[in-house]
Amino acid sequence: MGELEIKERKSGAMAALWAGVIWGFLPIYWQMLIPIESSVIIFYRIVLVGAVCFILSLFKYGWKRIYTPFKEDKKLILRYIIAGMIITTNWSIYIWAVNADQVIQTSVGYFIEPLMVCIFGVVFFKERFTAFKGVAFSLACLGVVVLIVHFGELPFVALSIAVTFATYAAIKKHLNVEAVLSLTYETVFLVLPALCVIIYLEMKGAGAIGVGDGYQYQLLFLCGIFTAIPLGLFSMAANKVPLITLGILEYISPSIALVLGIFYFDEPFDVVQFFAFVLVWIGLVFFTIGEVKEVKAANGQSDGNIGSHGERKEKRLSEVLDSSKRFELPQYIKRVTAGHGGETFLILGEEKIAFYDCGMAYCGREMIENAKAVLKGRKPDYVLLSHTHYDHVGALPYIREQWPDIQVLGSGYGAYVLGRPGALKTIESLGKSAAEYYGFPERKVSMDGMGIDRTLSEGEVVSLGGLDVVAYEGKGHTDCSLMYYIKPHGLLFTGESTGVIESDGWIHPSVLKSYDESMETLKKSRSLGARQLMVPHYGILPEEATELFFDSYEKQAKDEHDLICSMYEKGYSQQEILETHKSKYWTDERVKEQPIKAYEINTMCTIKAYVGAMIGNNG
């Protein structure tokens, strides 16, 4: 695990820890509001949480991002109203229980809630009920039975909290939205009714004003912040730590509540209750072990071993990568890249020289100067195009301008693409967007000489003297994608059909045309037996990373494919799928290398390709 990843894990774990601590100590805050009625507190909480989350969402996402999903799918309003009503019911039961001196019961409820979510998954979503989950659920049920026999009644509070939150989680399974934005949607439709109730109660003298002391009314107005802060911390943690770690840390909150109930609030807690808790705790141990095993199984791992796919492989990939060495290239390859967004290399043979790709238009002239410094008077003979996207061909006109006799090589379909006025217009438009994005809006983007002179067939060899460049079709990213294999050195320029790698080792799938063709390209890439890989927008990988890269890409591509297809099957619009994709894949690393306009165009191509394939298969 790299140093950056270790820091991310630590910060994520601390965020989850603090979220649990804040949630755990909230019973003290709620009891400080007594004698304000619990029902009144709930109405205030709805309004204040809605206000705080709306302001945060507006600041973070903007108004357009907030309202767009509802504009495209009116049914979302009903879903979020239902979700909001259920989570409000959960809050109501919890706050009433805390202020009715039943903190221990709330603790029981949140301890058994993960098990209840598991049962909902089995019943409503046909998820697998493993032996470990069966034991966990049986022990939790036994603990509840012990409490029923002991008290002669159902533990209503605990079961209600668990059931309402499990129901809320089941509804949220279909609502893939960031936490703060989701809570905005869940509360915003309830804010007006809740505000009307508050006004009515206050006018009748049954609200919060005048019931308690002045400081309590001031404290009441903090409930929106006290709800949003731990939620934000938890959301931050969810993006940085494994789900298993997150799940275990979730038990901090009910554990603190249990201790508070016994020692701070002096609630009765006898041996029988302790025995019931022990049964639930043992059940949770089984549940956690089962979850760990499921994650390992899903990632193709067994205890202590590394499987053929998955997270462990990705971790190993990040461990063997060192981004500071990604441009420590063999002597026959020189990097002449200028600016951000696209890479350009020179492949130096004994007799001839070839550019590999051209990079962006906005920094084309700087790239030419870098190349001239390497060439030292020699003239390049070829340009080898991986495909025809603007960040790979943008500077081609400047190369032709400097070296008019140079020959541009690419695929047959690539030649067709660069012969289309519409394609050239798109390349020019994206090139201008990139120039503005990287701070050079005044620079012109030329299309003069944009084209392919010679098309390469499958397995065709381009000899440079002392080394041969072999071209292979590599579809998936585009229909014009090519890979280049350098003999005798065993170096493969992979192309984007097998992914784009970030400096931290995370691989982004880049399938714009066909998932199946991408998998065929992956299979072909493996069959070549390359010793080392040159990965687009990254650089060279160490030899030990070759198979790790292929394995990691296969998993990440499948995950993206499954995400898009499952959302489409559930009725989400393509724009909703794009926004969900953005929340997962539009990272800080990616922002540095790709303008948002290009990302959105590419991702929408991916979504349309997968959706189109599904429709074709079904029709």
Side-chain angles (χ1 to χ4, degrees), residues 61 64-83 120-128 168-179 181-182 185-186 238-239 243 298 309-310 475-479 496-500 506-522 553-587 590 594 596-619:
Y61 305 107
K64 185 176 180 180
R65 172 68 178 88
I66 293 174
Y67 80 81
T68 296
F70 300 106
K71 185 178 180 181
E72 296 183 352
D73 185 359
K74 300 296 190 295
K75 293 180 180 179
L76 278 176
I77 296 176
L78 180 60
R79 294 179 194 171
Y80 279 111
I81 288 175
I82 294 172
F120 274 46
V122 172
V123 174
F124 297 110
F125 302 105
K126 310 302 179 185
E127 295 178 358
R128 196 160 59 95
Y168 172 70
I171 293 174
K172 292 272 288 196
K173 188 179 178 71
H174 295 289
L175 301 172
N176 298 310
V177 179
E178 298 89 337
L181 195 56
S182 180
Y185 294 155
E186 291 156 21
N239 293 323
L243 289 177
H309 308 292
K475 292 184 178 181
H477 179 61
T478 68
D479 289 334
E496 290 190 34
S497 292
T498 49
V500 176
W506 180 261
I507 299 173
H508 285 298
S510 193
V511 180
L512 307 186
K513 298 297 290 186
S514 169
Y515 174 78
D516 290 339
E517 287 181 344
S518 173
M519 291 299 103
E520 284 298 315
T521 297
L522 175 64
Y553 170 72
E554 185 174 8
K555 179 184 182 300
Q556 293 305 323
K558 183 179 185 302
D559 287 348
E560 182 190 56
H561 177 267
D562 291 350
L563 170 69
I564 292 171
C565 291
S566 65
M567 289 189 71
Y568 177 73
E569 287 178 335
K570 293 172 183 175
Y572 288 94
S573 68
Q574 292 187 12
Q575 185 63 38
E576 283 180 282
I577 298 174
L578 173 63
E579 293 302 329
T580 300
H581 189 282
K582 189 184 299 182
S583 69
K584 182 174 182 179
Y585 293 104
W586 184 246
T587 63
R590 202 163 187 173
Q594 186 179 37
I596 184 66
K597 180 180 177 181
Y599 162 80
E600 290 180 340
I601 290 174
N602 286 353
T603 304
M604 191 56 75
C605 287
T606 301
I607 294 168
K608 289 179 178 178
Y610 289 170
V611 169
M614 290 178 66
I615 294 172
N617 292 335
N618 294 332

Task: From CA spacing to verdict: side chain to side chain contact (heavy atoms under 4.5 Å, CB included), Tyr568, Gln574 - done: CA-CA 8 Å; Tyr568 177 73; Gln574 292 187 12; 5.5 Å; no
- [ ] Report the residues that fulfil side chain to side chain donor-acceptor pair (under 3.5 Å) with Glu520, sequence neighbours left out, ordered by chain and then residue number.
- [x]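 Testing Glu520 for side chain to side chain donor-acceptor pair (under 3.5 Å), a comparison that skips the adjacent residues, returns none.
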Open item on the list: Under the rule for side chain to side chain donor-acceptor pair (under 3.5 Å), what residues qualify as partners of Thr478, not counting sequence neighbours?
Closed with: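 Counting only residues at least two positions away or on another chain, Thr478 forms a side chain to side chain donor-acceptor pair (under 3.5 Å) with Ser481.
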Open item on the list: Could you walk me through whether Leu578 and Ile607 satisfy the side chain to side chain contact (heavy atoms under 4.5 Å, CB included) test, starting with their C-alpha distance in whole Å, then the side-chain angles of each, then the deciding distance to 0.1 Å, before giving a yes or no?
Closed with: CA-CA 8 Å; Leu578 173 63; Ile607 294 168; 3.9 Å; yes
At their closest point, which heavy atom of [X] faces which heavy atom of [Y], and how far apart are they?
{"X": "Tyr553", "Y": "Ser518", "value": "OH-OG, 2.5 Å"}
{"X": "Thr606", "Y": "Val511", "value": "OG1-O, 2.5 Å"}
{"X": "Ser497", "Y": "His477", "value": "OG-N, 2.8 Å"}
{"X": "Tyr168", "Y": "Glu186", "value": "OH-OE1, 2.7 Å"}

Calculate, to the nearest 0.5 Å, the distance between atoms [atom1] and [atom2] belonging to [X] and [Y] respectively.
{"X": "Glu554", "Y": "Asp559", "atom1": "CD", "atom2": "CG", "value": "11.0 Å"}
{"X": "Tyr515", "Y": "Asp562", "atom1": "OH", "atom2": "CG", "value": "6.5 Å"}
{"X": "Ile577", "Y": "Thr603", "atom1": "CD1", "atom2": "OG1", "value": "11.5 Å"}
{"X": "Ile66", "Y": "Tyr185", "atom1": "CD1", "atom2": "OH", "value": "6.5 Å"}
{"X": "Ser510", "Y": "Gln556", "atom1": "OG", "atom2": "CD", "value": "13.5 Å"}

Would you indicate whether the side-chain heavy atoms of [Y] and [X] approach each other to under 4.5 Å?
{"X": "Met604", "Y": "Gln575", "result": "yes"}
{"X": "His508", "Y": "Glu560", "result": "no"}
{"X": "Lys558", "Y": "Met519", "result": "no"}
{"X": "Leu512", "Y": "Glu496", "result": "no"}

- [ ] Could you name each residue pair satisfying salt bridge (Lys or Arg N to Asp or Glu O under 4.0 Å) that touches residues 601-613, not counting sequence neighbours?
- [x]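 Those involving residues 601-613 do not exist here.
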TODO: Return yes if some donor-acceptor pair links the side-chain N/O of Thr580 with the main-chain N/O of Glu576 below 3.5 Å, else return no.
DONE: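 Side chain of Thr580 to backbone of Glu576: a pair is present.
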